[in-house]
Amino acid sequence: MKMKMKSNVQFVQGNKACILGALDAGYKFYGGYPITPSTELAELSAVELPKVGGKFIQMEDEIAGIAAAIGASLTGKKSMTATSGPGFSLKQENIGYAMMAEIPLVIVNVQRGGPSTGLPTSPAQGDMMQAKWGTHGDHPVIALTPESVQETYYMTIRAFNLAEKYRMPVMLMTDEVIGHMREKIVIPNKEDIEIIDRVQPNEKEGYLPYGVKDGETVPKMASFGDGYRYHVTGLAHDETGFPSNSNENAKRLLDRLMNKVNHNLDDILDYEEYMLEDAEHIVLSYGATARSARAAIKQMRQEGIKAGMFRLKTVWPFPEERLLELSKNVKNVLVAEMNLGQMVLEVERVVKDNAKILFCGRADGEIITPEEIVETLKEEF
Amino acid sequence: MKMKMKSNVQFVQGNKACILGALDAGYKFYGGYPITPSTELAELSAVELPKVGGKFIQMEDEIAGIAAAIGASLTGKKSMTATSGPGFSLKQENIGYAMMAEIPLVIVNVQRGGPSTGLPTSPAQGDMMQAKWGTHGDHPVIALTPESVQETYYMTIRAFNLAEKYRMPVMLMTDEVIGHMREKIVIPNKEDIEIIDRVQPNEKEGYLPYGVKDGETVPKMASFGDGYRYHVTGLAHDETGFPSNSNENAKRLLDRLMNKVNHNLDDILDYEEYMLEDAEHIVLSYGATARSARAAIKQMRQEGIKAGMFRLKTVWPFPEERLLELSKNVKNVLVAEMNLGQMVLEVERVVKDNAKILFCGRADGEIITPEEIVETLKEEF
Amino acid sequence: MNKYVKKYLRNDKLAHMWCPGCGHGIIMHQIIKAIDNLGLDKDNICVVSGIGCSSRAPGYMDFDTLHTTHGRALAFATGIKLANPDMKVIVVSGDGDASAIGGNHLIHACRRNIDITTIVFNNTIYGMTGGQFSPTTATNDLASTAPYGSIDRPFDIAKLAAAAGASYSARSTVYHANNLEKLIEEALQVKGFSLVEAMSMCPTSYGRRNKKGTVSDMLEDYKETYININAFNKLPLEKREGKIEMGVFKNETYPEYTAEYQKIIDRLKGDK
Amino acid sequence: MNKYVKKYLRNDKLAHMWCPGCGHGIIMHQIIKAIDNLGLDKDNICVVSGIGCSSRAPGYMDFDTLHTTHGRALAFATGIKLANPDMKVIVVSGDGDASAIGGNHLIHACRRNIDITTIVFNNTIYGMTGGQFSPTTATNDLASTAPYGSIDRPFDIAKLAAAAGASYSARSTVYHANNLEKLIEEALQVKGFSLVEAMSMCPTSYGRRNKKGTVSDMLEDYKETYININAFNKLPLEKREGKIEMGVFKNETYPEYTAEYQKIIDRLKGDK
Amino acid sequence: MSRENLVLKVKPEWCKGCGICVHFCPKNVLELDEDNKIVIARPDDCIKCGLCELRCPDFAIYLEGDENEDEK
Amino acid sequence: MSRENLVLKVKPEWCKGCGICVHFCPKNVLELDEDNKIVIARPDDCIKCGLCELRCPDFAIYLEGDENEDEK
Amino acid sequence: MTNQFELRLSGAGGQGLLLAGIVLAEAGILDDKFATQTQSYGPEARGGASKSEVIISDSEIDYPEVRTPNLTLALTQEAADKYISKDIMNGIIVVDERVKINPAIKYEKLISVPIMKTAKNKVGKAIVANIVSLGIIVEATNVVSKEAMESAILNRVPKGTEKLNKMALESGYELAK
Amino acid sequence: MTNQFELRLSGAGGQGLLLAGIVLAEAGILDDKFATQTQSYGPEARGGASKSEVIISDSEIDYPEVRTPNLTLALTQEAADKYISKDIMNGIIVVDERVKINPAIKYEKLISVPIMKTAKNKVGKAIVANIVSLGIIVEATNVVSKEAMESAILNRVPKGTEKLNKMALESGYELAK
Ligand SMILES: Cc1ncc(C[n+]2csc(CCOP(=O)(O)OP(=O)(O)O)c2C)c(N)n1
Ligand SMILES: Cc1ncc(C[n+]2csc(CCOP(=O)(O)OP(=O)(O)O)c2C)c(N)n1
Ligand code: SF4
Ligand code: SF4
Ligand code: SF4
Ligand code: SF4
Ligand code: SF4
Ligand code: SF4
Ligand SMILES: [Mg+2]
Ligand SMILES: [Mg+2]
């Protein structure tokens with residue numbers, strides 16, 4: 001008799017899981033430009049979106065891709081753009097725009113080897129800092145890093161939820177390994193998935209597109225075409241959305257933007273603590289590299305080395321407080337990432353002298369092996 | 001009788017001083033796109049370059065501007081591009097290219113208020129992190145921050161020298177205040193200015209455009225048109241310049257790129273120590289804000305508060321070692337910058353628990369006042 | 001208050017920020033008149049711009065308005081239109097915004113023939129940043145970045161749009177304000193990509209440097225220089241010198257992008 | 001070894017990375033033949049590309065060669081040419097590279113009429129990234145991002161370049177290789193911006209999905225479809241259906257950018 | 001609405017004194033005052049042709065009719 | 001150089017077996033072998049027309065003459 | 001890492017090894033095991049040799065790349081030259097009979113059989129060489145059950161080709177016996 | 001901050017106050033003092049009021065912006081409304097006679113004189129109002145020497161206009177007496 005996978009089980013690439021998650025989150029618009037290794041996100045969107053009445057458009061470049069996605073989001077559609085390294089740089093100006101104008105948007109970056117064209121078909125985690133600092137000026141960033149195909153599915157849904165809830169672009173930072181690897185995923189029942197939609201105003205009179213009540217951080221967002229007739233600009237603006245040169249307005253706006261994330265860390269921060277209860281050594285990792293870290297920890301545990309993992313699921317915001325707390329009880333914090341040292345800088349900043357910080361990184365197109373992690377730690381013994 | 005300024009004295013804007021310095025450094029090509037508050041750099045280049053047989057071109061956008069400047073540099077001309085916040089983001093992909101392909105280039109960013117279009121005619125220091133992390137992948141960065149019109153002149157020369165010496169783009173990070181303010185500058189005698197030119201090969205046979213002898217970090221650079229017929233790419237490449245998928249080659253290349261800066265910190269790092277001998281409080285600042293810091297320190301010294309300034313002249317590389325050393329002898333390190341917290345993160349990372357770190361920042365389009373700095377420090381007493 | 005102003009502008013935002021004599025206000029006036037002529041629903045209009053003096057127009061117009069990044073208005077507008085094809089989407093853009101940094105988005109919007117009406121406020125200069133030459137600055141004109149006279153050759157935006165595939169393309173000037181209104185009205189009725197190039201004077205950043213006299217002189221210049229394309233074509237060659245064509249350059253019907261997309265959606269529904 | 005290969009290619013880099021039957025090798029062959037015909041100095045030629053399969057060509061060519069970022073070849077080349085006007089600057093670019101992300105640089109290079117010869121390797125697809133449609137993909141063609149048939153309308157690159165101001169613009173195909181060689185040779189002699197659009201087959205990313213048969217079938221298709229523009233214009237309208245013009249679309253003389261710049265320098269010298 | 005019922009109005013706060021309306025008025029009705037603000041100097045000469053309104057970049061001069069209906 | 005002096009040569013390492021030369025050879029001179037590499041199956045039929053060389057995308061087949069001069 | 005089996009399937013582009021890898025991994029999943037599949041991409045995959053890698057394991061798979069494959073398949077010489085290296089071999093090598101193995105390479109077992117010929121002549125279509133290969137692999141390693149393998153194939157192949165593919169699979173079993 | 005004098009010169013775009021600021025600062029330099037000059041930019045400067053700020057000091061100038069000007073000049077009402085604010089005033093105010101000052105504003109001294117009229121009628125060109133203003137400022141404050149001021153003007157103004165400008169300056173001296 002023919003064996004079949006359960007109807008809610010699929011064996012798919014990470015990039016496909018991302019699109020499946022997006023669709024389950026209510027995804028309706030893709031604007032982008034193809035680039036390896038993110039291209040499947042465009043291709044699958046082209047196939048799937050029209051089936052659900054959504055729209056896919058391949059624009060003339062990455063800049064236009066994110067611009068179209070922002071435009072679509074303004075009409076109330078859940079939108080996404082996807083890219084990799086060089087394309088991510090091109091999108092930065094408009095990422096800043098979406099931050100400033102508070103437009104919900106999911107930006108997927110399937111990371112590849114850099115700098116520049118670099119190693120286009122090899123994995124990397126070299127855009128972590130770009131995710132936070134690629135634009136000019138200060139604004140908060142939310143960036144998620146899945147470690148598996150299944151988690152890509154869930155995190156994509158979460159990315160849409162956070163984008164809608166906080167009215168801001170949210171980044172999903174995967175990499176060539178996670179994007180192209182196939183694994184089994186289980187699609188949950190619709191009822192078991194929480195879907196968050198942006199809060200829309202219900203009163204046109206006195207609608208303040210950038211105004212909040214005391215203590216709130218996220219203004220209600222009307223859709224273009226719904227008759228609110230409001231103005232959106234990337235200039236510093238006041239609560240009405242119109243440009244303002246006043247320093248006080250600029251300060252109030254920027255503070256509120258920062259607080260959207262800083263005041264909601266409890267809701268946003270996400271990490272995994274793996275075998276940390278009795279750990280003497282923390283391996284901090286994220287994304288594909290966390291898999292190697294997990295293998296390394298299993299191996300070390302067998303050898304009696306008390307290692308555990310602190311896995312970032314949100315790289316930005318960075319879980320400072322928890323890491324600081326954890327670091328006080330360990331000897332070493334080893335950071336493993338596929339770059340020459342990015343999140344490790346944040347770890348150094350947070351951990352200070354509480355533990356020794358070790359670094360295991362590479363940026364030559366190969367994923368870090370469990371053995372490299374083990375060795376980096378053992379050199380300390 | 002009519003009084004005249006000495007012939008080597010001028011009362012000019014920072015942007016003009018930049019062009020005067022560039023010309024004295026041997027500047028021959030400008031490619032760019034106008035944007036406030038950097039526009040004068042283009043305008044003055046358009047006036048001056050053809051007078052010295054150089055070329056100015058206004059391209060169709062910022063991306064094309066830096067691309068043209070890189071192309072010109074490959075023919076042996078000392079090249080510059082200039083921009084401000086949003087344009088700086090657009091240039092990032094090609095900044096990464098110039099880093100990877102090792103093309104000397106000076107990039108001036110006259111910073112303005114962000115994020116996004118933000119406060120286009122107001123000063124800011126909100127691109128400090130973008131300067132380091134705007135591209136994808138890992139590579140070293142050299143970024144200089146002048147605090148006055150006179151220093152803009154000198155630092156522009158230094159930017160060209162470093163670019164040529166280390167075969168890489170060098171950033172001059174000024175801001176709207178320094179760029180638009182007029183001050184007196186004194187132009188030194190030609191003999192008193194050190195001008196560095198790139199090292200060119202003299203042997204076509206066996207020329208390795210990306211090859212160095214043991215211990216060296218910077219390969220010789222031939223000019224296009226000189227008959228070397230070599231290949232330049234943004235892909236990972238070997239010593240011959242041709243693409244290579246080998247992990248070892250990628251690693252060797254990236255390590256060498258990093259070492260160009262990391263092994264030459266003595267030559268590159270630059271900072272000023274002002275009244276630090278007996279200081280109990282360090283004010284760390286740079287660019288226009290350092291002027292307020294200096295005023296604040298003078299004021300505090302009069303009140304008997306032992307404050308001094310550590311002024312970054314190279315923000316990147318960051319003078320870690322010296323700061324760590326200094327921080328061990330003080331109570332507070334106060335960071336003053338026109339943003340919501342950028343270099344202060346680096347300070348936290350370096351200083352750790354050696355001193356208390358205070359932050360005085362603003363990003364509302366106004367330059368920080370000396371009083372704000374004084375107050376921030378006094379709150380600690 | 002002028003009835004169009006009352007009805008379509010955000011009066012609390014006026015007086016606008018444009019310089020005395022800037023032509024941009026005249027163009028904005030014709031746009032709202034054209035909208036009124038067609039009786040379009042205010043709640044269903046979206047005006048999108050990039051960055052520049054011209055791109056400040058949406059802030060004064062009482063619709064859903066979007067002031068984006070420099071050069072990218074058409075890309076944002078494309079997303080809006082495709083996501084909500086029922087909206088009337090209008091892009092206002094400067095010559096720099098539309099044809100320098102935004103040139104690619106312009107030709108691609110033309111190629112796709114997406115139903116957007118673009119009004120280019122062409123003052124042949126970068127007004128906002130103080131007078132650098134733009135892709136439409138005439139050769140030999142002076143500009144802050146062309147201190148010895150521009151050596152660049154200018155684009156003819158209306159013709160370029162036609163060549164790139166737009167359904168409709170036309171040109172007029174702020175002197176010919178009634179004609180401009182008519183062309184905008186016509187463009188707004190096109191189902192497909194339409195573009196109206198509106199020649200506008202910038203006394204501050206262009207006129208002064210190029211010794212063009214008063215703004216009234218500049219308007220008189222338009223009167224002299226621009227003649228209807230049909231009249232132009234009838235002129236003997238030697239008389240064409242110094243004249244520029246205005247009027248409708250192209251008006252053709254092609255499949256429209258969002259309608260074609262809808263066909264795919266309908267087809268897929270049918271397949272179920 | 002073929003004498004052109006010996007003389008102009010980096011033989012140690014061959015065999016090249018292109019797929020079996022990819023037309024790009026045929027184009028590269030015609031480029032080096034044209035260079036040889038003109039007896040150009042190898043040391044004084046620079047070949048610049050962006051990113052794409054086609055953009056890998058410079059790596060095989062024994063000149064100063066520059067492989068830049070996607071779409072930006074012409075901007076880099078503009079810097080090279082202006083900084084060193086004595087060099088012969090050739091840009092090779094894919095249809096995506098030249099007309100999608102690089103479309104703006106293309107029209108602006110045309111507008112400036114800078115002395116660069118651009119060869120567009122047009123396989124009407126993004127080959128390198130596996131078959132997404134490009135701005136030249138025919139409507140209704142299938143592509144990985146047009147699974148239901150493309151609804152985009154294609155650019156005619158040769159005509160667009162002509163409209164944007166190029167001095168010379170022409171088209172041929174890899175089937176008509178000798179003709180292609182002749183056009184490239186002609187383009188290289190133009191003092192100003194010249195463009196040759198070379199139609200090239202991509203069996204891997206285009207042919208297979210669109211059921212175009214073998215590469216030989218695809219070449220036979222070119223033979224059938226492309227006819228000389230003069231012959232085309234003589235055809236009665238009903239016979240033009242399904243045919244595409246090739247040959248020279250434009251060949252005019254305009255002031256060249258670097259020469260005009262030199263005049264400014266000379267003028268300023270005179271002023272001293 | 002017939003021309004006679006129209007009333008020529010100005011909004012000096014918005015006028016920037018560019019002089020366009022003055023220049024193009026066929027009847028020489030308009031002037032700029034000391035502060036460079038528009039003044040209807042010779043109202044009786046006005047033929048309500050609307051050319052001033054047509055090209056005023058600042059919406060500062062216009063012919064107003066009985067627009068009660070519009071205003072609702 | 002006259003056609004007769006030309007020699008038809010192949011460089012099988014570079015041949016990718018696309019079959020273009022085989023298809024367009026007017027004299028049916030060429031074949032692909034089991035490994036999909038070019039073979040001059042009927043050399044005597046070759047008229048040295050050069051069409052194979054013209055369209056071979058891989059520089060793997062060509063007519064070689066006495067090119068001593070070129071080689072220096 | 002107990003009971004983890006790593007495979008590398010290599011050959012020329014177009015030989016269907018990507019599909020073979022997926023089918024193999026899906027068979028593993030049908031057997032209630034864990035599986036990952038990865039492949040070479042981009043220019044690397046353009047023409048020339050390409051590879052598809054599969055890991056099948058009793059427990060969750062952490063590190064997802066194949067480093068020292070327990071089994072390597074190479075259908076062409078180029079693939080063998082590229083992907084069978086002496087540094088990394090320790091397991092079974094399966095090659096088409098025409099492929100020559102560098103004598104310096106050490107292996108546990110070499111299965112050199114007429115895969116291409118069998119597909120072309122015996123089964124009748126060269127294109128099923130990938131399925132023939134799967135038959136060999138399953139027979140030689142039992143990494144997945146035959147039942148799962150058959151089901152996995154049937155779940156993936158186009159309608160109308162089921163018989164052909166079953167035949168191919170069985171010819172594979174035969175070749176490995 | 002000993003002996004530092006801060007000035008804000010404001011008026012309509014095109015009234016030459018940018019030049020006035022530069023000339024004033026250059027006069028300071030001729031007097032061997034330190035000087036900085038800044039101005040308003042961009043859309044803010046488009047039409048409407050604009051300003052030019054100067055600091056003249058005996059020692060190096062650190063903080064470069066004018067916050068509480070020792071002297072503020074306003075040639076138009078709009079400029080006065082925008083730049084003469086009660087929060088920041090403590091010094092001398094110089095305005096054209098037609099400008100009205102908000103009564104809430106406190107100042108050390110108000111010089112309200114016919115600057116525009118003098119330039120237009122007495123000197124003969126409205127455009128030299130900026131130089132007339134400099135005359136008033138120098139006479140009223142001695143912030144720079146008259147010799148330096150005259151030289152600074154002559155160094156900057158176009159050939160042929162020296163006399164006109166000198167006249168303007170002197171009319172300014174007169175107005176402030
Ligand atoms: C990315 C970016 N580059 C440059 C600028 C600076 N900038 C603002 S507007 C403008 C040009 C405006 O010219 P145009 O579009 O013709 O509009 P106008 O002001 O003449 O109406 C420029 C270069 C910017 N804001 N953003
Ligand atoms: C900024 C950027 N965006 C996207 C890509 C991905 N990319 C590489 S080549 C290419 C398209 C290639 O198509 P074309 O120019 O037609 O060349 P072909 O491969 O068909 O010869 C794309 C989209 C990239 N490398 N960089
Ligand atoms: S600068 Fe020119 S375009 Fe801008 S508002 Fe003034 S006149 Fe108009
Ligand atoms: S993918 Fe297409 S364009 Fe690229 S090498 Fe293969 S056949 Fe040529
Ligand atoms: S309506 Fe006509 S006549 Fe009357 S003021 Fe205006 S332009 Fe003059
Ligand atoms: S046209 Fe308008 S702004 Fe100009 S002077 Fe007349 S009323 Fe005033
Ligand atoms: S030269 Fe002509 S006849 Fe000879 S093999 Fe080639 S194509 Fe055939
Ligand atoms: S055309 Fe060239 S690559 Fe193709 S089969 Fe013939 S020799 Fe081989
Ligand atoms: Mg303009
Ligand atoms: Mg292509």
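Note that the coordinates shown come from a computational prediction; the quantities given were computed from them, not determined experimentally. In the text below, chain A, chain B and the rest are named by the order of the sequence lines, each starting its count at 1.
Contacts between C:Ile264 and chain D at a heavy-atom distance below 4.5 Å involve the side chain alone, from C-beta outward. Only the backbone of C:Ser99 comes within contact range of chain D, with heavy atoms under 4.5 Å apart. The contact between D:Ile101 and chain C is made entirely by backbone atoms, counting heavy-atom distances below 4.5 Å.
The greatest number of non-hydrogen atom pairs below 4.5 Å with chain D, out of C:Leu106, C:Asp152, C:Asp156, C:Thr139, is found for C:Asp152. Heavy-atom pairs under 4.5 Å with chain C were tallied for D:Ala163, D:Pro255, D:Gly165; the largest tally goes to D:Gly165. Contact count against chain C (heavy-atom pairs under 4.5 Å) is highest for D:Ala164 among D:Ala164, D:Gly102, D:Gly149.
Within 6.0 Å of NZ on C:Lys239 lie no more than 12 heavy atoms contributed by other residues, nucleotides or ligands.
Both tests hold for D:Arg153 against C:Tyr254: distance to the six-membered ring centre under 6.0 Å, angle to the ring axis within 45°.
Between the CG atom in C:Leu268 and the OH atom in D:Tyr148 there is a gap of 4.5 Å [rounded to 0.5 Å]. Rounding to the nearest 0.5 Å gives a distance of 10.5 Å between CG of C:Leu160 and CZ of D:Arg111. Going from atom OG of D:Ser150 over to atom CD of C:Glu260 covers 10.0 Å, rounded to the nearest 0.5 Å. Atoms CG and CD1, on D:Asn104 and C:Ile107 in that order, are 6.5 Å from each other to the nearest 0.5 Å.
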Let's go through D:His108 and C:Phe155 carefully: what are the C-alpha distance in whole Å and the side-chain angles of both, what is the deciding distance for side chain to side chain contact (heavy atoms under 4.5 Å, CB included) to 0.1 Å, and is it a yes or a no? CA-CA 9 Å; D:His108 282 271; C:Phe155 275 142; 3.5 Å; yes
